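Only this structure's heavy atoms are used, side chains among them; waters, hydrogens and symmetry mates stay out. Quick caveat, the model's predicted, so the values are computed rather than measured.
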Amino acid sequence: MLTVDISDFGAVGDGTADSSKAFLKAWNFVCSREIGNGVRVIFVPENQTFLLHPVTFNGPCKAKEIKFLIMGRIISPVSPKTWEGLDQAKWLTFYKVSGLKIKDSGEIDGRGWGWWNQSCRDHPRLEGCTSLAPTAMIFESCKTSSLSQVRLINSSQTHVLIRGTDGFIVDHVKITAPETSPNIDGIHIISASNIFIRNSIIGTGDDCVSIGDHTTNIHISHVKCGPGHGISIGSLGRSGNVVQVQNTRVNTVTFKGTTNGARIKTWQVGKGYFRGVMFENLFFNSVKNPIIIDQNYCNVRGACKELETGVQIRDVVYRNLWGTSSTEVAITLNCSRSVSCTGLLLQSIMLKSSITGKNVRSSCINAHGAAIGVVQPAPCF
């Protein structure tokens, strides 16, 4: 085993000196060393805070496995000016790395308030407002890698982006940002396969987990979600993209105070298919829209004109879901009038109002399927 301490490469853990070059030196040293089948370890010591400017850790590496042990704290620059002339969508990027294991008890702090304060969503009249901000951690074109045990807080935008990647595990991770933070996802997955999100706590200003186009075999289990917008499969088909999403399972998730629960959302201009999805063993605690399919999604809610295109949704199972809804409509199946939803199954569902004395109901448009066992509120197929 080859182990290196980033302090030996010039990293300074005072929270003010830029240590990005030192981290890159340590990475390049470990990545380029060929020591048979041995494991290489990069160690970030505890009780120290390391400031990193935007940096990309490139692969492929000669090692079959690299462990990035984060015991200390890694922080981002606060000022958006740091990204002038750089890609403002990225902070820490791992590209074409296989066998990467990032873990331990440390913290990664995006300190995103500098970006939040100039967000176009919250400050639309601000000259020079920004719609795009850095993602804290990007794993792009990686294979057989993982992120575990670390804490991620206050990203400028998405905390973790998994893109173009096959075989990735997120385990025992805690991700938090204020509920008011603008468009701050926990984990976003796109063009990826065989992804496992488990045993984690996620609460942000947007989706806890967002699953995008061209994904297959995505598994989410034993996750606590809230605050935020729930677990969302979408926005699918934006800009007329061809959607291919299949074999997704969301199992044993607790939603608390989220604005959606199990959500599927597609843009009317999208094409393609969405199939083979199971939502199972979900608990809702005062959640708006616990079950929702929205095929008329657009930038301005409720202002979408009917189009003749749409993503085909079929074979979606909702099984053993219970808890309370803070909206009157607890089950919304708002499917395209042009491309219906088919093969929907509701089984063993018990949703009640979180408001004493109120009832909940279902709402359907062009949705087709079946109900098995007790389903409350009554289905509207």
> Where the side chain of Ser145 meets the backbone of Lys143, is there a donor-acceptor pair that is under 3.5 Å apart?
Replying inline: yes
>> For Phe168 and Phe196, I'd like to know if the aromatic rings sit close, meaning centre-to-centre distance below 6.0 Å.
In response: no
> How many angstroms lie between atom CD1 of Ile6 and atom CG of Leu24, to the nearest 0.5 angstrom?
Replying inline: 12.0 Å
>> I need the Ile74 CD1 to Ser20 OG distance, nearest 0.5 Å.
In response: 11.5 Å
> Is it the case that Asn334 and Thr332 place a side-chain donor and acceptor less than 3.5 Å from each other?
Replying inline: no
>> If we count only N and O atoms by modelled type, under 3.5 Å, do the side chains of His188 and Thr158 hold a donor and an acceptor together?
In response: no
> Would a 4.5 Å heavy-atom cut-off, applied to side chains only, mark Ile190 and His214 as touching?
Replying inline: no
> Any link between Ile184 and Leu152 through a network of hydrophobic side chains (Ile, Leu, Val, Met, Phe, Trp, Tyr) touching at under 4.5 Å?
Replying inline: no
>> Could you tell me if the side chain of Ser19 sits less than 4.5 Å from the side chain of Phe9, heavy atoms only?
In response: no
>> Ile202 and side-chain contact (heavy atoms from CB on, under 4.5 Å): which single residue from Asp207, Val173, Ile187, Ile231 fits?
In response: Ile187
>> Do His368 and Ser340 have side chains that approach each other closer than 4.5 Å (heavy atoms only, starting at C-beta)?
In response: yes
> For the ring pair Trp322 and Phe284, is the centre-to-centre distance below 6.0 Å?
Replying inline: no
> Hey, what's the ring geometry for Phe57 with Phe94, parallel, tilted or perpendicular (30° and 60° as the breaks)?
Replying inline: parallel
>> Between Ser148 and Ser146, do the side chains contain a donor N or O and an acceptor N or O under 3.5 Å apart?
In response: no
> Just checking, is any N or O donor in the side chain of Thr135 or Gln157 under 3.5 Å from an acceptor N or O on the other one?
Replying inline: no
> How many angstroms lie between atom OG of Ser131 and atom CZ of Arg121, to the nearest 0.5 angstrom?
Replying inline: 11.0 Å
> So Ser193 and Asp166, side-chain hydrogen bond (donor to acceptor under 3.5 Å, both in side chains) or not? Walk me through it.
Replying inline: CA-CA 5 Å; Ser193 58; Asp166 179 41; 2.8 Å; yes
> Can you hop from Val375 to Phe381 via hydrophobic side chains spaced under 4.5 Å?
Replying inline: yes
>> Under a 3.5 Å cutoff, is there a donor and acceptor pairing between the side chains of His229 and Asp206?
In response: yes
>> Nearest 0.5 angstrom please: Ser98 OG to Lys64 NZ, how far?
In response: 11.5 Å
> What do you reckon, is NZ of Lys101 surrounded by more than 12 foreign heavy atoms closer than 6.0 Å?
Replying inline: yes
> Considering only heavy atoms from C-beta outward, does the side chain of Ile211 approach that of Thr248 to under 4.5 Å?
Replying inline: yes
> If you look at every heavy atom in Ile42 and Val30, which pair is closest and at what distance?
Replying inline: CG1-CG2, 3.9 Å
> After noting the C-alpha distance and the side-chain angles of Cys335 and Cys364, does the key distance pass the disulfide (SG to SG under 2.5 Å) rule?
Replying inline: CA-CA 8 Å; Cys335 300; Cys364 295; over 6 Å; no
> Hey, does Ile102 have a side-chain heavy atom less than 4.5 Å from the side chain of Ile70?
Replying inline: yes
> For atom OH of Tyr95, is the number of surrounding heavy atoms from other residues, nucleotides or ligands below 6.0 Å larger than 12?
Replying inline: no
> Quick one: are the ring centres of Phe23 and Phe50 less than 6.0 Å apart?
Replying inline: yes
> Got Pro77 and Leu51 here, is their nearest side-chain heavy-atom distance under 4.5 Å?
Replying inline: yes
> Are Val245 and Thr216 side-chain neighbours, meaning at least one heavy-atom pair lies under 4.5 Å?
Replying inline: no
> When you check the gap from the basic side-chain N to the acidic O, do Asp294 and Arg263 get nearer than 4.0 Å?
Replying inline: no
> Any side-chain heavy atom of Val316 within less than 4.5 Å of one from Ile264?
Replying inline: yes
> Nearest 0.5 Å, what's the CZ-CD distance between Arg361 and Gln376?
Replying inline: 13.0 Å
> Salt-bridged, Arg249 to Glu280, with N to O below 4.0 Å?
Replying inline: yes
> Do the charged groups of Lys96 and Glu140 touch, with an N to O distance under 4.0 Å?
Replying inline: no
>> Please identify which of these residues, Val55, Ile108, Thr56, meets the side-chain contact (heavy atoms from CB on, under 4.5 Å) condition with Trp91.
In response: Ile108
